[in-house]
Peer 1: 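Okay, handing you the structure first.
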Amino acid sequence: MMRVKLKVSYDGTAYHGWQIQKSGNTIEAELNRHLSALLQENIQVIGASRTDAGVHALCNIAVFDTDTQMPARKISYALNQRLPEDIRIQDSCQVKDDFHPRKCKSIKTYEYRIWRGEFPMPTERLYSHFMYTPLNIEWMREAAAYLEGKHNFESFCSIGSQAESMVRTIYGIEFLEEGNMLKIRISGNGFLYNMVRIIVGTLVEFGKGKYQAEKMQEILEARDRQMAGPTMPAKGLMLVRYDFLE
């Protein structure tokens with residue numbers, strides 16, 4: 001028996017998220033189905049980040065146990081021959097038997113993309129959110145500074161979350177402007193249900209001039225979802241980095 005780690009990239013447009021659902025196809029279901037067929041055994045992967053419906057990833061992590069004699073590094077090549085073209089394994093390797101991607105200390109980095117302009121760009125429609133309203137990036141940056149560090153992020157979590165604790169640590173929030181594209185990168189030790197999309201939706205309100213930067217501290221301390229901004233559409237969100245610290 002060996003434990004294999006996969007680095008998984010996917011376009012989440014056609015999927016109901018990572019985690020298996022009663023209705024609708026998911027990334028986890030596709031991996032389980034094709035791995036089981038390839039290795040001729042029942043495979044159930046464990047995912048590191050359970051991304052929501054429509055969210056994309058460059059580097060999600062999954063592990064599974066197998067009795068196969070196929071070398072771990074060869075599994076990525078064989079599996080990619082079976083997977084649909086919107087899911088690809090970027091790497092496969094053997095890891096320690098007790099390695100669990102959700103129990104390791106890690107830094108996750110998500111990127112939210114906003115296309116700004118007078119009109120939408122068709123080639124970006126599946127991977128960014130279009131806005132014609134001008135945004136003041138400096139106002140957004142000043143507000144974002146209040147979120148860095150260890151805090152209770154209940155104001156930035158959708159109702160219905162099953163999380164035992166609302167406390168998370170944000171290591172940094174970056175704003176990258178590339179022509180009409182604004183990329184907001186958020187790194188942390190973990191994220192609550194819809195947390196990144198709510199943070200971005202709230203920062204957009206600051207960018208429009210609705211609030212002064214210090215209002216972010218009030219929103220954070222309120223621990224009230226109604227105080228924060230809207231949840232941004234899923235299609236603009238992508239998991240771009242996953243760094244294990246141990």
Side-chain angles (χ1 to χ4, degrees), residues 6-33 45-63 83-91 101-102 106-115 120-131 144 147 153 156-163 168 170-176 181-204 225 228-243:
L6 304 176
K7 181 179 179 181
V8 190
S9 60
Y10 49 87
D11 178 336
T13 304
Y15 298 94
H16 288 235
W18 172 275
Q19 196 169 10
I20 290 177
Q21 306 289 332
K22 292 182 179 179
S23 61
N25 199 16
T26 67
I27 305 298
E28 184 179 30
E30 285 291 309
L31 291 175
N32 287 347
R33 180 163 66 90
V45 301
I46 300 171
S49 184
R50 290 169 284 192
T51 53
D52 295 334
V55 175
H56 317 292
L58 299 181
C59 57
N60 208 344
I61 304 297
V63 298
L83 287 168
E85 62 182 1
D86 50 7
I87 305 175
R88 281 295 177 268
I89 309 304
Q90 300 300 326
D91 182 61
R102 293 203 297 270
S106 63
I107 299 176
K108 301 177 186 179
T109 301
Y110 280 91
E111 178 178 282
Y112 198 91
R113 294 158 55 97
I114 299 174
W115 181 267
M121 179 59 66
T123 56
E124 297 290 347
R125 73 190 189 283
L126 300 179
Y127 311 105
S128 66
H129 174 61
F130 169 69
M131 289 190 66
L147 300 177
F153 283 95
F156 301 90
C157 177
S158 288
I159 296 172
S161 171
Q162 302 298 315
R168 297 291 186 273
I170 297 296
Y171 298 116
I173 302 178
E174 295 181 274
F175 297 82
L176 309 173
M181 187 67 75
L182 170 62
K183 299 179 179 180
I184 303 174
R185 287 192 174 182
I186 304 179
S187 297
N189 67 344
F191 295 95
L192 300 165
Y193 183 43
N194 287 339
M195 178 174 161
V196 175
R197 290 160 59 191
I198 296 170
I199 285 177
V200 174
T202 305
L203 290 172
V204 164
R225 172 66 186 93
T231 303
M232 297 292 277
K235 64 181 182 178
L237 186 61
M238 182 178 296
L239 176 62
V240 295
R241 284 185 62 92
Y242 210 114
D243 299 303

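None of the values given here were measured: they were computed from a predicted structure.
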Peer 1: Looking at residues at least two apart in the chain, or sitting in another chain, which of them share a side chain to side chain contact (heavy atoms under 4.5 Å, CB included) with Asp86?
Peer 2: Asp11, Ala14, Tyr15, Pro84
Peer 1: Out of curiosity, Glu111 CD to Glu174 CD, how far, rounded to the nearest 0.5 Å?
Peer 2: 9.5 Å
Peer 1: Working to the nearest 0.5 Å, report the span between OG of Ser128 and CG of Leu237.
Peer 2: 12.0 Å
Peer 1: Taking NZ in Lys108 as the centre, count heavy atoms belonging to other residues, nucleotides or ligands within less than 6.0 Å. Is the count above 12?
Peer 2: yes
Peer 1: Could you tell me whether the side chain of Ile170 reaches within less than 4.5 Å of the side chain of Met195, counting heavy atoms only?
Peer 2: yes
Peer 1: Using the ring-ring contact (aromatic ring centres under 6.0 Å, His included) criterion, which residues pair with His56? Sequence neighbours excluded.
Peer 2: Tyr127
Peer 1: Please list, chain by chain and in numerical order, all residues satisfying side chain to side chain donor-acceptor pair (under 3.5 Å) with Arg88, sequence neighbours excluded.
Peer 2: none
Peer 1: Any side-chain heavy atom of Val55 within less than 4.5 Å of one from Leu239?
Peer 2: no
Peer 1: What distance do Asn194 atom CG and Thr231 atom OG1 have between them, rounded to the nearest 0.5 Å?
Peer 2: 5.0 Å
Peer 1: Arg113: what forms a side chain to side chain donor-acceptor pair (under 3.5 Å) with it, not counting sequence neighbours?
Peer 2: Glu124
Peer 1: Tell me, please, which residues at least two apart from Ala48 pass side chain to side chain contact (heavy atoms under 4.5 Å, CB included).
Peer 2: Asn60, Ile61, Pro101, Tyr242
Peer 1: With rounding to the nearest 0.5 angstrom, report the NE2 to CD1 distance, His16 to Ile27.
Peer 2: 11.0 Å
Peer 1: Mind checking ring-ring contact (aromatic ring centres under 6.0 Å, His included) for Tyr110 and listing every partner two or more places apart, or none if nothing turns up?
Peer 2: Phe191
Peer 1: For the residue pair Gln90 and Ser9, confirm or rule out a side-chain donor-acceptor distance under 3.5 Å.
Peer 2: yes
Peer 1: Got more than 12 heavy atoms from elsewhere within 6.0 Å of CZ, Phe130?
Peer 2: yes
Peer 1: According to side chain to side chain donor-acceptor pair (under 3.5 Å), who are the partners of Arg241, at least two apart in sequence or on a separate chain?
Peer 2: Asp243
Peer 1: Can you find a pair of side-chain heavy atoms, one from Met131 and one from Val204, that are under 4.5 Å apart?
Peer 2: yes
Peer 1: So, using salt bridge (charged side-chain N to carboxylate O under 4.0 Å, His left out) as the criterion, who are the partners of Glu28 when residues are at least two apart?
Peer 2: none
Peer 1: Tell me every residue that passes side chain to side chain donor-acceptor pair (under 3.5 Å) with Thr51, counting only those two or more places apart in sequence or in another chain.
Peer 2: Tyr10
Peer 1: Quick one: salt bridge (charged side-chain N to carboxylate O under 4.0 Å, His left out) partners of Arg225, sequence neighbours excluded?
Peer 2: none
Peer 1: Atom CD1 of Ile46 and atom CZ of Arg102: how far apart are they, to the nearest 0.5 Å?
Peer 2: 7.0 Å
Peer 1: Taking the side chain as every heavy atom from C-beta outward, state whether Ile184 and Val196 have any pair of such atoms under 4.5 Å apart.
Peer 2: no
Peer 1: When you compare the side chain of Thr26 with that of Gln19, does any pair of heavy atoms fall below 4.5 Å?
Peer 2: no
Peer 1: Just to verify, what does Phe153 make a ring-ring contact (aromatic ring centres under 6.0 Å, His included) with, not counting sequence neighbours?
Peer 2: His151
Peer 1: Within a strict 4.5 Å, meaning less than it, do heavy atoms of the Thr123 and Trp115 side chains meet?
Peer 2: no
Peer 1: I want to check something: taking the side chain as every heavy atom from C-beta on, are Asn32 and Ile20 in contact at a cut-off of under 4.5 Å?
Peer 2: yes
Peer 1: What salt bridge (charged side-chain N to carboxylate O under 4.0 Å, His left out) pairs are there with at least one residue in residues 47-57, not counting sequence neighbours?
Peer 2: Asp52-Arg197
Peer 1: Within this structure, what is the CG-CZ distance for the pair Leu192 and Phe156, rounded to the nearest 0.5 Å?
Peer 2: 11.0 Å
